[in-house]
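Here's the structure we're looking at; comments come further down.
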Amino acid sequence: MKWYCFFLGMMLGVPAFSQKVVDSSALMKDVQKLSSDQFEGRKAGTRGSRLAQFYIIDRFKKIGLKPFHDTYEYPFFFQPRDGKRTMGTNLYGYIPGQLKTVIVVSAHYDHLGIKSSSESQDSVFNGADDNASGVGGLLALAQYFKEHPPRYTLLFVAFDAEEAGLQGAKAFMKMPPVPAGQMRLNINMDMISHNDKNELYVCGTRQFPDLKKYIDQVAAGSSIKLIAGHDNPDQGHDNWINQSDHYEFYQQKVPFLYFGVEDHPDYHKASDEFQTINKSFYYKAVQTILDVVKKMDSDLPENRFSGARIMN
């Protein structure tokens, strides 16, 4: 077993002794499963989405996340661009901490579903990077903190209907399980597995500069390039503030950090498959995000306004 762990560590480009921190086998299995044809692209309101929900709920149960009100499922309705009223379902559970104040860890599980593609004969848009990778990271973090009880209460949320205009996050913040004032921070993951330059961006330190020192401390010891950016309002499309679910937290003045990669050739294409993600990079990205959450959990002052300066 020791030789197997060493060999696996060499393959992934990470030290063998770190394998017990993030379970690389479970991480890859989750992403491969969620991005398989079985789930038909996970478009909100479809059969494939429902099958993905069953898978995520089963993983929540096995990890041991506690449900609110005896359920992990929180349905909501929205009106997509085609005008047909659709039901989405957010999934979440929590790990109680020493503090009642909450850090929300989030990732959306929906994608584009089945549609015609001019680039490929494949009509299933499986969204391995976007965003099975974020959900895989969410499950890996949940597993770690279940085994290492946190200081903050950690709420793990798999959002639906992000691709339809952040609908799941909007529904969540309209009726949150805890008041927004009790949320210390949102950690959002959306597209964290596909980058050829070994670069992972973290967006939000411009808006919440008191968080930058924690990012710098983790970046100094990371095996990937953790880069603060994509949060300048003057950048146009390269400003990621409103481009994923963290925006709804920001709208209610909840600090956030959004982790993601820059767009790649497979973005919103049928070719965004498990085979095309960078598996070594992905493992190291999840490990780096875990290190950030660990740092925030241990060192972040409970009072969100303690020394904080909110900037545009």
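Quick caveat: nothing in here was measured; it's all calculated off a predicted structure.
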Show your working on side-chain hydrogen bond (donor to acceptor under 3.5 Å, both in side chains) between Q217 and K295 and close with a plain yes or no.
-> CA-CA 9 Å; Q217 290 169 18; K295 174 64 69 175; 3.1 Å; yes

Could you please spell out the steps behind the side chain to side chain contact (heavy atoms under 4.5 Å, CB included) verdict for D30 and R59?
-> CA-CA 9 Å; D30 285 334; R59 292 287 287 118; 2.9 Å; yes

Test M191 against E262 for side chain to side chain contact (heavy atoms under 4.5 Å, CB included), laying out the working first.
-> CA-CA 8 Å; M191 297 175 56; E262 294 182 321; over 6 Å; no

Mind running side-chain hydrogen bond (donor to acceptor under 3.5 Å, both in side chains) on D37 and N126 for me, showing each step along the way?
-> CA-CA 7 Å; D37 285 351; N126 282 315; 2.8 Å; yes

Begin with the C-alpha distance, continue with both residues' side-chain angles, and end with the deciding distance and a verdict on side chain to side chain contact (heavy atoms under 4.5 Å, CB included) for R184 and M296.
-> CA-CA 10 Å; R184 181 61 180 89; M296 297 293 176; over 6 Å; no

What's the verdict on side chain to side chain contact (heavy atoms under 4.5 Å, CB included) for L138 and M189, showing C-alpha distance, side-chain angles and the deciding distance?
-> CA-CA 8 Å; L138 181 144; M189 295 171 283; 3.9 Å; yes

Check the pair Q53, S49 against side-chain hydrogen bond (donor to acceptor under 3.5 Å, both in side chains), reporting the backbone distance first and the verdict last.
-> CA-CA 6 Å; Q53 292 166 30; S49 172; 3.2 Å; yes

Run the side-chain hydrogen bond (donor to acceptor under 3.5 Å, both in side chains) check on Q251 and Y247 step by step: do they pass?
-> CA-CA 6 Å; Q251 290 285 82; Y247 181 63; 3.3 Å; yes

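Here D58 pairs with K62 in a salt bridge; the nearest charged N to carboxylate O distance falls below 4.0 Å.
Between the CZ atom of F39 and the CD1 atom of I56 there is a distance of 8.0 Å, given to the nearest 0.5 Å. Between the OG atom in S244 and the OH atom in Y258 there is a gap of 5.0 Å [rounded to 0.5 Å]. A distance of 8.5 Å separates CG of L226 from CG of D216, quoted to the nearest 0.5 Å. Atom CE of M28 and atom NZ of K279 lie 7.5 Å apart (nearest 0.5 Å). Rounded to the nearest 0.5 angstrom, L185 CG and T101 OG1 are separated by 12.0 Å. Note that the CZ atom of F145 and the CZ atom of R151 stand 12.0 Å from one another [nearest 0.5 Å].
Of the possible donor and acceptor atoms, none in the side chain of H264 sits under 3.5 Å from a partner among the backbone N and O of N195. Formation of a donor-acceptor pair under 3.5 Å by the R42 side chain with backbone atoms of G113 is not found in this model. When atom types are taken as modelled, the side chain of D231 and the backbone of T205 share a donor-acceptor pair closer than 3.5 angstrom. Under a 3.5 Å cut-off, the side chain of D23 and the backbone N or O of A26 do form a donor-acceptor pair. At distances below 3.5 Å, at least one donor-acceptor pair connects side-chain atoms of T288 with backbone N or O atoms of K284. Put simply, the side chain of Y74 never gets that close to the backbone of F172: no donor and acceptor are under 3.5 Å apart. A donor-acceptor pair under 3.5 Å is absent between the side-chain atoms of D160 and the main chain of G168, judged by distance alone. Using a distance-only test at 3.5 Å, with no hydrogens or angles considered, a donor-acceptor pair links the side chain of Q167 to the main chain of A164. Between the T153 side chain and the G97 main chain, a donor and an acceptor come within less than 3.5 Å of each other. Within the 3.5 Å criterion, the main-chain N or O of D129 finds no donor-acceptor partner in the side chain of Y267.
Aromatic pair F159/Y109: centroids not less than 6.0 angstrom apart. Ring to ring, F256 and F249 are not that close: their centroids are 6.0 angstrom or more apart.
Side-chain contact between P149 and I95 is absent, with no heavy atoms from C-beta onward closer than 4.5 Å. Using a 4.5 Å heavy-atom cutoff, the side chains of N131 and E162 are not in contact. With a 4.5 Å cut-off on side-chain heavy atoms, R47 and E40 count as touching. Residues K146 and L65 fail the side-chain proximity criterion, which asks for heavy atoms closer than 4.5 Å. When side chains are defined from C-beta on, Y250 counts as touching F208, because their heavy atoms get closer than 4.5 Å. In this structure the side chain of D266 reaches within 4.5 angstrom of the side chain of H194, judged on heavy atoms. A 4.5 Å side-chain heavy-atom check between D130 and H111 finds at least one atom pair inside the cut-off. Using a 4.5 Å cut-off on side-chain heavy atoms (C-beta onward), L257 and I215 make contact.
The shortest non-hydrogen separation linking G93 to F60 is N-CE2, 4.1 Å. A pairwise comparison of heavy atoms in N239 and N242 identifies O-OD1, 4.0 Å as the closest pair. Smallest separation of non-hydrogen atoms from V22 and A140: CG1-CB, 4.2 Å. The nearest pair of heavy atoms linking A171 to N90 is CB-ND2, 4.3 Å. Taking both residues in full, the closest heavy atoms of W240 and V261 are given as CH2-O, 3.5 Å, listed atom of the first, atom of the second, then distance. Counting all heavy atoms, side chain and backbone alike, I192 lies closest to V286 at CD1-CG2, 4.0 Å.
L51 and V135 fall within the same hydrophobic cluster, where Ile, Leu, Val, Met, Phe, Trp and Tyr residues are linked whenever their side-chain heavy atoms come under 4.5 Å apart, directly or through other members. When the side chains of ILVMFWY residues are joined at heavy-atom separations under 4.5 Å, either directly or via intervening members, Y94 and Y144 end up in two distinct hydrophobic clusters. Using a 4.5 Å cut-off between side-chain heavy atoms of Ile, Leu, Val, Met, Phe, Trp and Tyr, with links allowed through other members, F78 and M173 fall into different hydrophobic clusters. A continuous path of Ile, Leu, Val, Met, Phe, Trp and Tyr side chains, each step under 4.5 Å between heavy atoms, connects F156 with F54, placing both in one hydrophobic cluster. Cluster membership for V31 and L91, using ILVMFWY side-chain heavy atoms within less than 4.5 angstrom, is shared.
Within the cation-pi definition used here (under 6.0 Å to the ring centroid, within 45° of the axis), K269 does not qualify as a partner of F125.
In the displayed structure, K212 atom NZ is contacted under 6.0 Å by at most 12 heavy atoms of other residues, nucleotides or ligands.
A donor-acceptor pair shorter than 3.5 Å cannot be found between the side chains of E248 and Q252.
Of the candidates D245, N188, D190, D190 is the only one forming a side-chain hydrogen bond (donor to acceptor under 3.5 Å, both in side chains) with H108.
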